[in-house]
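Chain naming here is simple, since letters A, B, ... match the order of the sequence lines and numbering starts at 1 in each.
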There are 2 protein chains.
Amino acid sequence: MPFLLKSYESLDTLAEAIGQAIRAPITIENRHHQLLAYSTHPDSTDPARIATIIGRRVPEAVIEDLWESGILQEVIDQDEPVVIPARLAVGLGERAAIVIKQHDEVLGYIWSLARTNPFSTQELAILQEGATIAKKLLMTIAMHERRISAELERFLLDVLASPTLTDANRERLNELAPIAVASRLTVIECAQPITPQLAERLHYVLATQESIEVVLHAIDGQQLLVWHYMKSELSDEETVLIAWAERFEQLLQDKFSESEPRLGISRRFFESDMLYAAAEEARRVTTLRRKFPLELSTSRAFEQIGIYQLVPELARRIGLRLETHPTVERLQHYDSSHQTELVKTLEWYFYFDGNVKRVAAHLHIHPNTVLYRIRRIEELTNITQVSLPERSMIYLAIKAGQYRLED
Amino acid sequence: MPFLLKSYESLDTLAEAIGQAIRAPITIENRHHQLLAYSTHPDSTDPARIATIIGRRVPEAVIEDLWESGILQEVIDQDEPVVIPARLAVGLGERAAIVIKQHDEVLGYIWSLARTNPFSTQELAILQEGATIAKKLLMTIAMHERRISAELERFLLDVLASPTLTDANRERLNELAPIAVASRLTVIECAQPITPQLAERLHYVLATQESIEVVLHAIDGQQLLVWHYMKSELSDEETVLIAWAERFEQLLQDKFSESEPRLGISRRFFESDMLYAAAEEARRVTTLRRKFPLELSTSRAFEQIGIYQLVPELARRIGLRLETHPTVERLQHYDSSHQTELVKTLEWYFYFDGNVKRVAAHLHIHPNTVLYRIRRIEELTNITQVSLPERSMIYLAIKAGQYRLED
DNA sequence: GCTCACTTTGTGATTTTTCACAAAGTGAGC
DNA sequence: GCTCACTTTGTGAAAAATCACAAAGTGAGC
């Protein structure tokens, strides 16, 4: 005789029923370890469970620990309740867990904390029974979520397809995002088109980022577009963003090394009217980083690429023969007739702010060689003591020349 | 009984007649010392005369010498022939000169070289008579020239009034300028609207510039617009231009200190279609130099202002609240709450390429103070080791903030 | 008026960069 | 193959920038 009913109207009532049947606290999570339901149980709870309920998801540290120790994998593979010894380092008391699966696809998990006495066979059977019932409910929820998220994805793509917003779209966007928050649009660009499997994994990683709040996201070919904002104060939004971007990109490159993911982040914006422009900025960053991986290896946000943002336009003008820089032209001419590398040397000399040692190290040559070349350049052109504005323009001209418009 | 006829058909025949009457070489010049006519005389000539005839104008060195020594002024004031002792330093033998005037307005000069024996009273009288006859001829020429030049001036203003050329205008422009020559459009901007008197003097100085060839020029309010090209090779056009611009501006500022003349030179262009754009560039240079006299004190050509060319556009965007730079914003905030000058310090630190000594000298503070402030800035923002592209963008943001759109 | 945190200036040791000069390497043209 | 002009590398002396540290100055807030 089963201890549970055939079905329950919600996961919450199910969690409550299981909890009462085995007299232990129950939490039900989706496959992203987001909290779906939990039983009310006055006593015997542990820090991990409290943190999970407060944060509406299992703390990242706990998830990592469970993955690294192989426990989670075991739970997924087993298909029946697994008893897990306490892991006090991450605040986890002893518990039992069972996966909720549908044809090898993980839908979620049911967790139960151990009371003072260990789980009996019957109690574990009840858990298993609960998982079967939860499956039906989760499938309904998953389908619904999938429909919603697919709809939102189409909506975002629709918004980004045109530079100007329709009034209806603007209204809906303003409902989605809190006002007066510094939003950003981030592009995660991959080497190949993003498959549904990859998308799923990316969404998961994205959902587990604690510094940011995602408003909307969508897949567009090789890019995952994310509209988000930082949870920090406005005053250090930029600092936090840049620190996060570095960590996040590192994480992505560790987890998805075969996709060579690269970030591009727009400047901050406050009006949904700016979404289109922000997407352009973010994409400009990824494009430029693709073309100048070395120079822009640590530039992820539009602010960080500095005057590189002007390179495509300048390259276009050079392509149209509207623009040339006499100084650069002369050096290029000298280079080609003497097999030298004056332009390259000058470029890095400017980039490294006149630091001969670093230029030499970068180009793998003797510092005196750099010094010699700089003197040579000074003889050929009179950029001996030009100041920042002119130097940057020359640097820009060199970079724009390297930028290829075709690809 | 007069030795000369009442009138001659041309200045050449007049010069010849005077030359024969007093048996000495004669040259007739306009008020700009451009050669109008000269007598053929086989012997007794001097280097100055040869140079004048070859170059179709009196060498600048000779003119300067005659002005500085006060001789030319004496000739103009006298209204009758003046005998001038030899000035061998500038290749001038002894000669007599008389001004050709009409109501105090100088129209030109007649010069006569001395032979071995000095000028007799009668010969000087013949010179005077020649000046009277020349006056009529010169007045006709001057009137004609004035009509032509006024017409050309109107034409240039007409061309510059619209971004696109009419076919008729393009055709006429192409007739005026030699093809495949690197043209420039230079603006000479004065503190006050240019009066006809000032215009006259400016035209004179312009006409005596040996490095450039003027195609057209026109007055537009406070600006004298000059379409010209360098007489040098294309390969070092820029070098020659920049050197010329420095000399020329110095000259203008010496001669017209009350008008505070300032140069603005476009990039080079080859097609007359670019005239409008070139005028914009040149004007942008003068505008920026007016707003940043110190920073752009030695930048006269559009190439030289470097990324300053982007300042107006950026200032506009900042004005529209489309653009801010978080780093700069934070420093500004610190400055205003701590009465410090971090932004200013950073600005010049960037400008002087991180040279602490020069920054200190410029700001009249101790080098260690600069060092201290830079460390402070590094604490507040993380621009510790940002490279040229980002540095320039920050510099641009600072400068654009200083740029006022209104005036 | 006093305190305290912050800023500026001064001094000399320490480190880094630049410079002059020599020597060796490179390659195009005869 | 040789020459010659140009380029690169190496060495140590000379010059310059940076640094730590002390002392003096400044001003807002109590």
Margin query: Minimum heavy-atom separation for A315(B) and Y403(B), please, with both atom names.
Written below: CB-CD2, 3.6 Å
Item checked: Separation of dT18(C) C1' from E378(A) CD (nearest whole Å) -> 13 Å
Next item on the list: Compare all side-chain heavy atoms of M393(B) with those of L396(B) and state whether any distance is below 4.5 angstrom.
Entry: yes
Check: Any side-chain heavy atom of L388(A) within less than 4.5 Å of one from L388(B)?
Finding: yes
Check: Are side-chain N/O atoms of Y349(A) and R373(A) paired as donor and acceptor at under 3.5 Å?
Finding: no
Next item on the list: Take atom CG of L342(A) and atom C1' of dT8(D), then tell me their distance rounded to the nearest Å.
Entry: 13 Å
Notebook entry, point to check: Between dT17(C) atom P and D353(B) atom CG, what is the distance in whole Å?
Noted result: 14 Å
Item checked: R284(A) and E281(A): CA distance, side-chain angles, deciding distance, salt bridge (charged side-chain N to carboxylate O under 4.0 Å, His left out) verdict -> CA-CA 5 Å; R284(A) 178 163 282 196; E281(A) 285 175 5; over 6 Å; no
Margin query: If you compare every side-chain N and O of R376(A) against the phosphate oxygens of dC6(D) (OP1, OP2), does one of them come in below 4.0 Å?
Written below: no
Next item on the list: May I ask you to evaluate whether R373(B) reaches the phosphate of dT7(C), defined as a side-chain N or O under 4.0 Å from OP1 or OP2?
Entry: no
Checklist line | Nearest-Å distance for atom pair NE2/C1', residues H338(B) and dC4(C) | finding: 13 Å
Note to self: Using the side-chain heavy atoms of Y334(B), tell me which of these nucleotides is nearest: dT8(C), dC6(C), dT9(D).
What the structure shows: dC6(C)
Atom pairs under 3.5 Å, N or O on each side, protein against nucleotides 13-23 of chain D: can you list them with distances?
unit_1, atom_1, unit_2, atom_2, d
dC19(D), OP2, R375(B), NH2, 3.4
dA20(D), N6, N368(B), ND2, 3.3

Check: Once you round it to whole Å, what is the distance between C1' of dT7(C) and CD of E379(B)?
Finding: 13 Å
Notebook entry, point to check: Does atom CD of E237(B) have more than 12 heavy-atom neighbours, drawn from other residues, nucleotides or ligands, at distances under 6.0 Å?
Noted result: yes
Checklist line | K399(B) to W348(B) six-membered ring, cation-pi geometry met (6.0 Å, 45°) | finding: yes
Dump every N/O contact between nucleotides 25-30 of chain D and the protein below 3.5 Å, one line per pair.
unit_1, atom_1, unit_2, atom_2, d
dA28(D), OP1, Q339(B), NE2, 2.9

Check: So does E271(A) have more than 12 non-hydrogen atoms from other groups sitting under 6.0 Å from CD?
Finding: no
Margin query: In this structure, how many angstroms lie between the P atom of dT17(C) and the CZ atom of R358(A), rounded?
Written below: 10 Å
Item checked: Name of the residue among E249(B), E189(B), E295(B) meeting salt bridge (charged side-chain N to carboxylate O under 4.0 Å, His left out) with R289(B) -> E249(B)
Checklist line | Heavy-atom pair with the smallest gap, counting every atom of M230(A) and V240(A) | finding: CE-CG1, 3.8 Å
Margin query: I'd like to know whether R330(B) forms a side-chain contact (heavy atoms from CB on, under 4.5 Å) with H333(B), so could you lay out the CA-CA distance, the side-chain angles of the two residues, the decisive distance to 0.1 Å, and finally the verdict.
Written below: CA-CA 5 Å; R330(B) 178 174 306 189; H333(B) 188 258; 5.6 Å; no
Check: Rounded to the Å, how far apart are I374(B) CD1 and dT7(C) P?
Finding: 13 Å
Next item on the list: Give the dot-bracket string for DNA chain C, reading 5' to 3', where a pair is Watson-Crick or G-U wobble with both distances under 3.5 Å, ( ) marks pairs inside the strand, [ ] marks pairs crossing earlier ones, | marks a partner on another strand, and . marks unpaired.
Entry: ||||||||||||||||||||||||||||||
Check: For dT8(C), does OP1 or OP2 lie under 4.0 Å from any side-chain N or O of Y372(B)?
Finding: no
